[in-house]
J.: 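Pasting a structure here, questions to come.
The analysis underlying the following values was restricted to heavy atoms, covering all of them including side chains, and did not include hydrogens, waters or symmetry mates. This chain uses plain numbering: 1 for the first residue, then up along the sequence. This is a predicted model, so every value here is computed, not measured. For ligands, and for the atoms within them, numbers begin at 1 and follow the listed sequence.
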Amino acid sequence: MIVTLHFLALLSSTVAWGRGGVIGEGRNGTAGGGGDRCTCEAFLPSSTFPVRDLVVVEQTAEEILHKLDLEMGKLEEYEIKMTAYVEKILKLTVEIEEMEKHSSDYNDADFADMKVEIKQVEALIKELQASISGSVTVFESLRVESTAMDEALTRLEKTYDKNWVLVTRREYVKIQLQLETCERRHDELFNPNIGSCAHTGIIRVGKPIVSHLNAHLNAAYKYGGWGKDSKPVPDRESMYWYSGYTSASIVDVRFYTNYQNLILRNHFQHHNLHSSWIGTGNNYIIRDNTLYYQINNPFGLAKLNFTTMKYESRVIAGVSSRFSYPNSINQIFDFAADETGLWVTYSTTESGGRMVIAKIDEASFGVEDEWQTSVYKPGVSNAFMVCGVFYAVRTVDIQTEELFYMYDTNTKQDSYISVQFDRFQDKFSNLDYNPTDQKLYMYNDGYYVKYHLWFNHTVEATAEPSLVLISDKIL
Ligand SMILES: *[C@@H]1O[C@H](CO)[C@@H](O)[C@H](O)[C@H]1NC(C)=O
Ligand SMILES: *[C@@H]1O[C@H](CO)[C@@H](O)[C@H](O)[C@H]1NC(C)=O
Ligand SMILES: *[C@@H]1O[C@H](CO)[C@@H](O)[C@H](O)[C@H]1NC(C)=O
C-alpha cells in the first residue's frame, strides 16, 4: 500500500518570476512597461475549495500510517515467536527420534512429559494463527480505508482539476521560495519607498498570500501570530517568528533564520516562556529581538528581550480588561510597530470602550503619549499602525474585512474609510503591519497569511505581485 502525502497548490498556470526572463539577472524591471512587468504568476484562494475535506483525507492518511506501524510491529513479534517455535519443534523432533531409537531407556512419565510439551507448542501455534488472522483483518480494513482515501483524494483532484495541481513536498517548497523571491524582487523594483511616510494612507490591500499552516501542523492552534522583526538586529534581517497556541495565550516563540526555514519548519531558536512570564492575548509583536505582549499578573504589558532574556512589565492606569476584539477573549492590549516606533492600543473605562492609542518608549517601556479615538473596540476586529496613523478593521461578511477607520496621531484627525480585503479562513487573532516590507501579517485560524499594501502615492507605479499559495497541513 502506498500512502502518498500530497500538497496542494492552486496555480493559474506555472509559477515563474520574470516571465520570459524579464526580471532575470542583469535586467531592469519597470512598471507598466508591457513585457517588462514583474509577474509572479498567481492564483486566488477559492473560498469554495474544500480545505476541510483535504484535512480529513490527510488525517486519515496519518491514522492509516499509524495503524500500519502498529501492525508491522506486531508482525515482527510474530516472526520472532515463529522462529522460536520452529526451534522448539526441531528440538522436540530430535528428542522424539532419540526416544524411538532407545525406547527402552524411557518410561511412561517421559512420554507424558513429551506429550505435554507437544501440546504446549500446538497451543502456541494456534494462538499465533489467531493473532495473524487478526492482523490480516486489520490489513484488509486498512486497505479498504486507504482505497477510500485515495478515492476521496481523486474526487478532490477532479473537482478542482482545472486550477488545482497536486505537488510534492519538494515542488511545494520550491514554488514557495520562487514566490518569495518574486515578491522580494517586486518590492525592490516597485516599492523603493519602504520606510517612507510620504503618502496619504492605504488605498488598497492585496489578495491574501497564504503561506502555510502553522509549525504545530495543527489547525486547533487558532490563536497566535507570525511575522518578521519590525526593527531587526544585525544578521537577523531575514528572520521570521511564529507563536501559536490552542487558547488565547502565549507560551513560547520560535525563530527561523529565513523564509525557507519557516516553510520547512526548521526553527533555530525555540524560547519557552518562563512560567511566571506566560502571556495572554495574541496581539503581540517582535521588535528589536524583543517580544512585547500582554500579561495578566499584573494586568498589563510585558517586554522580553531575547538578546539578554531580560523581562519587564508595566501597568497602564485606567485600562479596562472588559474590552476585547469580538473574535477572541483576552485581546486587551494590541501592540503595533510602524516607521515611527512602538505602539499599543486598548480601551479604558473612562473612554467607554472606545480605543486609545499609546506611543511606547522602547528603552524605558513607558507611555510617551496617548490619543483617544472614536471607535468602540468590540466593533473592531483588529487594528494596526502605519506612519503614526491608526487603522481599525472590521468584519463585513464571511470572507471580507474592511479598513473602516483611521486616526492620524500627527494631526489628531480621524476619518471613516472603506478599503476591503479577503480573509482566507474564518477568524484571525493577530493582524499587524510590518514597516520593513510594508506588508500586513495575519494569523488566520492557524494559517500564516500576508497582504501587500498600496499607498496613495504608489498607485500608478505598481503592478500587483498577486500570488497566493495554499498548503495543506502535512510536511
Ligand atoms: C538598468 O538601468 C540602469 C539605469 O537606468 C542602466 O544604467 C543599465 O544599463 C540598465 N541595465 C540593463 C541591463 O538594461
Ligand atoms: C535588548 O538588549 C540589547 C542588549 O543589551 C540592547 O542593545 C537592546 O536595546 C535591548 N532592546 C530593547 C528593545 O530594549
Ligand atoms: C490620495 O491623496 C490625495 C492627496 O491627499 C487625495 O486628494 C486623494 O483623495 C487620495 N486618494 C484616495 C484614493 O484616497
J.: Is the closest basic N to carboxylate O distance between K231 and E362 below 4.0 Å?
T.: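 Counted as a salt bridge, because a side-chain N and a carboxylate O are separated by less than 4.0 Å.
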J.: Ignoring hydrogens and angles, state whether a donor on the side chain of N283 or Q331 is under 3.5 Å from an acceptor on the partner side chain.
T.: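 There is such a pair (donor and acceptor under 3.5 Å, judged by atom type) between the side chains of N283 and Q331.
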J.: Mark up the atoms of ligand 3 that fall under 4.0 Å of a heavy atom belonging to I203, in ascending order.
T.: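 Those qualifying, in numeric order: 12 (C), 13 (C), 14 (O).
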J.: Once salt bridge (Lys or Arg N to Asp or Glu O under 4.0 Å) is applied, do any residues pair with R314, and if so which ones, sequence neighbours excluded?
T.: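 If we apply the salt bridge (Lys or Arg N to Asp or Glu O under 4.0 Å) test to R314, skipping adjacent residues, the hits are E312.
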J.: Can you name the side chain to side chain donor-acceptor pair (under 3.5 Å) partners of D361, sequence neighbours left out?
T.: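 Checked D361 against side chain to side chain donor-acceptor pair (under 3.5 Å); matches are S364.
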J.: Over 60° means perpendicular and under 30° means parallel, so classify the ring planes of F335 and Y292, tilted if in between.
T.: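 Correct class here is tilted.
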J.: Looking at residues at least two apart in the chain, or sitting in another chain, which of them share a salt bridge (Lys or Arg N to Asp or Glu O under 4.0 Å) with R254?
T.: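 Per chain and number, R254 pairs via salt bridge (Lys or Arg N to Asp or Glu O under 4.0 Å) with D252.
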J.: Sort out the contact shell of ligand 2: every protein residue with a heavy-atom distance below 4.0 Å, listed by chain and number.
T.: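 For ligand 2, the contacting residues are D288, T290, Y292, K303, N305, T308.
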